[in-house]
Amino acid sequence: MANRYRTHNCSEAGRHIGRGISVAGWVNRRRDHGGLIFIDLRDRSGLLQVVFNPQVAAEAHRIATEMRPEYVVRITGEVARRPAGTENPGIPTGEVELIAREAEILNASRPMPFPMSDESGIDESVRLKYRYLDLRRPQMQQNMMLRHRVIKFIRDFLDARGFIEIETPILLKSTPEGARDYLVPSRLYPGKFYALPQSPQQLKQLLMVSGFEKYYQIARCFRDEDQRADRQPEFTQLDLEMSFVDEENVLDLMEELFTSLMAELKPEIRIVKPFPRLSYHEVIERFGTDKPDLRFGLELADVSDIVEDSEFGVFRTAIAGGGIVKGFAAPGCADYSRKQQAELVEFARARGGKGLVTMAIEGGQGGSLDDLTLDKVHSAVTRFFTIDQVREMVKRLHAGPGDLLLFAADKAEVVNTVLSQLRLEMANRLGLTDPNLMVFAFIQDHPLMEWNQEGNRWDSMHHPFTAPYDEDIPLLDTDPGRVRARHYDFVCNGYELSSGSIRIHDSRIQEKIFSLLSYSDEEIRERFGHLLEALEFGAPPHGGIAPGIDRLVMLLAGEDNIREVIAFPKTKSATDLMTNAPDAVSEDQLRELHLRLRAH
RNA sequence: GGCCCCGUAGUGUAGCGGACUAACAUGCCACCCUGUCACGGUGGAGAUCAGGGGUUCGAAUCCCCUCGGGGUCGCCA
């Protein structure tokens, strides 16, 4: 698009040698030689060197002396091949340069609060305060473009398969279960509130009742919970729902979508096909978490049966108290120093463990277990075990000489939390987290409900609309904890990318679930009446999934927090450092909304 | 809500009880420089050491509180 500002962008210059062009952009760098001045001009497409020669264009040269980094300028001149020997192989346009004839400063700039080019760590609060400048940096520009391409790919992919994108409201009714809602007070109805969607869950099910059959939406979701590196108060999901499908249809679609997306956008990253499908119980057992990083082994193993009769009181007590003892082997780490091992113990304590038992097996890697003697087992607690017990443990962990064995003993949840994190830590230390490998996997067969000790009732593991397997339905009356959900998680490299399920389309089963969850008839009618009613008007069997876009783009971009792929993210404490939101509002605004602030 | 890490010129760091009148790099300003590309050279300005309180003869440095940023457990159907 040629206009009064420019005829071409920087990256196109190489194709117009010998011709006159105009370009516009930001001054990336100025090199003033007293006579000659060089400017690296930057626009979205890249860099182009501009030469100002006082003998070629005195006025343009004079203007160039006033230019400073990040000034916005327009330059007209001729594209020329650079003199032999002065080419710069470091930039794509390094073969050519623009000989300036005419220059105009469109806007000046104050000095930058932080460097645009330097990749070194700038305090994130400074970046967030000047986010519009942070986004000017090439790295952030790339992240945003990648995000755009991911979303564009998803839209094209689903459109080609007959999906319809439908927007759903941002102002909804609050549903107190699940995450904490963001609330919006109603002006017209004193004392009443809208809630922002935690996800368009119920709406997309209703769209299935409407007969759209294949729906999707790039949906903004809001959850008022504490933040993490991979969690923001508002985030974006690919929300998707289909009618007349079973699990395989949804999972196959996901596998096809993500396989083709990777091939198109990140061909250099390897993936594993077909995507592994593992049961919930299996991944908890093997990895201690429901979102395992499958790029490496270091699998956990339960050794409770081996050590329950050992002389080691800590293990015996844990097991006697209903707990377990699990461990895994860190290959080649038997030479960890006392201090390094103490670090690991501290790591475990910081994550809720009472401690950690380390056991170094002396000897070269690959050595035989038969030669193992207790004096080659270096641990503070070696004396409590027989050589047979140690051999069994080593064998159970698929370990051998040269390895460092790590054990935790406690309630199962604590052991799994500690060891799953320690597993990631050791993988990082051992360099096993390959950035060019993404292992997508599906986790299935979660329990439908879990017992809530404090509330003395059953809670949904996922949400109350998840269907149980048909064959497990009788268990709803006898043993609800054993009912398996037609639920699936989609995980990648230790992140939960997505949750989904086949939904309940039978109002009687839906009512039964609600009553098991200890909702009163009135609560059910009040909160879910519209959904139950809808299920009575010819609701088709349906199911869906909702991959998190932020986490996906984060993984594709090689970033380790989602703020790097969100244009204007909030801090860990849910504030916006640029606009200073949230902020107080005027008394007038409050009055209009029928609100009065409580003293704290 | 718990635990942990961080806060020193615009930016990134050093300094970790006295030699600090706070150093280095970069950025900024001025001057010099016609083939640089992280251009080079000379000179200069720039810091209530996050804020408050305490310990000490003496605090950027040690302790406590607060604020801000980050990580994590709980939480996130």
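What you are looking at is a predicted structure, and each value in this text was computed from that prediction instead of being measured. Here is how names work: the chains are called A, B, and so on, in the same order as the sequence lines, proteins then strands, and each is numbered from 1.
Atom name C1', nucleotides B/U8 and B/C57: the rounded distance is 25 Å, in whole Å. Taking atom P in both B/U55 and B/G68, one finds a spacing of 27 Å when rounded to whole Å. B/C73 sits 48 Å from B/C37 when the P atoms are compared, rounded to a whole Å. Spacing between B/U34 and B/U26 at atom C1', rounded to whole Å, works out to 26 Å. One C1' atom belongs to B/C76, the other to B/A59, and the distance between them is 44 Å to the nearest Å. Using atom P as the reference point in both B/G52 and B/U13, the two lie 24 Å apart (nearest Å). Here the separation of B/C31 from B/G70, taken at their C1' atoms, is 44 Å to the nearest Å.
Between A/Glu124 and A/Asp459, the residue anchored nearer the 5' end of RNA chain B, judged by the nucleotide with its closest heavy atom, is A/Glu124.
A salt bridge links A/Glu526 with A/Lys173: the closest approach of a Lys/Arg side-chain nitrogen to an acidic carboxylate oxygen falls below 4.0 angstrom. Salt bridge annotation for A/Arg29-A/Asp40: absent, with no cationic side-chain nitrogen under 4.0 angstrom from a carboxylate oxygen.
At a threshold of 4.0 angstrom between heavy atoms, the contacts of A/Thr175 with the nucleic acid are absent. A/Leu577 comes within contact range of the sugar-phosphate backbone alone, with a heavy-atom separation under 4.0 Å but no base atom that close. Here A/Thr575 lies in heavy-atom contact (under 4.0 Å) with sugar-phosphate atoms only. Within the nucleic acid shown, A/Gln198 has no heavy atom closer than 4.0 Å to any nucleic acid atom. Contact annotation for A/Gln201: base contact, defined as any heavy-atom pair under 4.0 Å involving a base atom. A/Pro113 comes within contact range of the sugar-phosphate backbone alone, with a heavy-atom separation under 4.0 Å but no base atom that close.
Checking A/Asn452 against A/Asp459 by side-chain atom types alone, a donor-acceptor pair falls below 3.5 Å. No donor-acceptor contact under 3.5 angstrom links the side chains of A/Gln205 and A/Arg503, judged on distance only. In this structure, a donor-acceptor pair under 3.5 Å is absent between the side chains of A/Ser199 and A/Gln237.
Here B/G68 sits opposite B/C6 as a Watson-Crick or G-U wobble pair (both hydrogen-bonding atom distances under 3.5 Å). Nucleotide B/G18: paired with B/C57 (Watson-Crick or G-U wobble, both distances less than 3.5 Å). B/C49: no Watson-Crick or G-U partner with both key distances under 3.5 Å is found in any strand. Shown here, B/U11 forms a base pair with B/A25; the pair counts as Watson-Crick or G-U wobble because both key distances fall under 3.5 Å.
Nearest to the side chain of A/Arg351, among B/G70, B/U72, B/U34, sits B/U72. Set against B/G74, B/U34, B/G70, the side chain of A/Lys572 has B/G70 as its closest nucleotide.
Taking side-chain N and O atoms only, A/Gln421 has no distance below 4.0 Å to OP1 or OP2 of B/U72. The side chain of A/Ser125 contributes no N or O atom lying less than 4.0 Å from OP1 or OP2 of B/G68. Between B/G27 and A/Arg68, no contact under 4.0 Å exists linking OP1 or OP2 to a side-chain N or O. Regarding contacts with the backbone of B/G68, every side-chain N or O of A/Ser573 stays at 4.0 angstrom or more from both OP1 and OP2. Within the 4.0 Å cut-off from OP1 or OP2 of B/G71, at least one side-chain nitrogen or oxygen of A/Arg563 is found.
Residues passing the ring-ring contact (aromatic ring centres under 6.0 Å, His included) test with A/Phe528 are A/Phe465, A/Phe514, A/Tyr519, sequence neighbours excluded. In this structure A/His61 satisfies the ring-ring contact (aromatic ring centres under 6.0 Å, His included) test with no other residue, sequence neighbours excluded.
Side-chain contact between A/Arg81 and A/Glu87 is absent, with no heavy-atom pair separated by less than 4.5 Å.
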Practice item. Any chance you could list the contact pattern along nucleotides 36-47 of chain B? Use B for base contacts, S for sugar-phosphate-only contacts and - for none, protein heavy atoms under 4.0 Å, 5' to 3'. Key: BBSB--------

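The aromatic rings of A/Phe222 and A/Tyr182 sit perpendicular, their planes meeting at an angle over 60°, well past the 30° parallel limit.
A donor and an acceptor atom sit less than 3.5 Å apart, one in the side chain of A/Asp226 and one in the base of B/G74. One can find a donor-acceptor pair under 3.5 Å joining the base of B/G74 and the side-chain atoms of A/Arg228.
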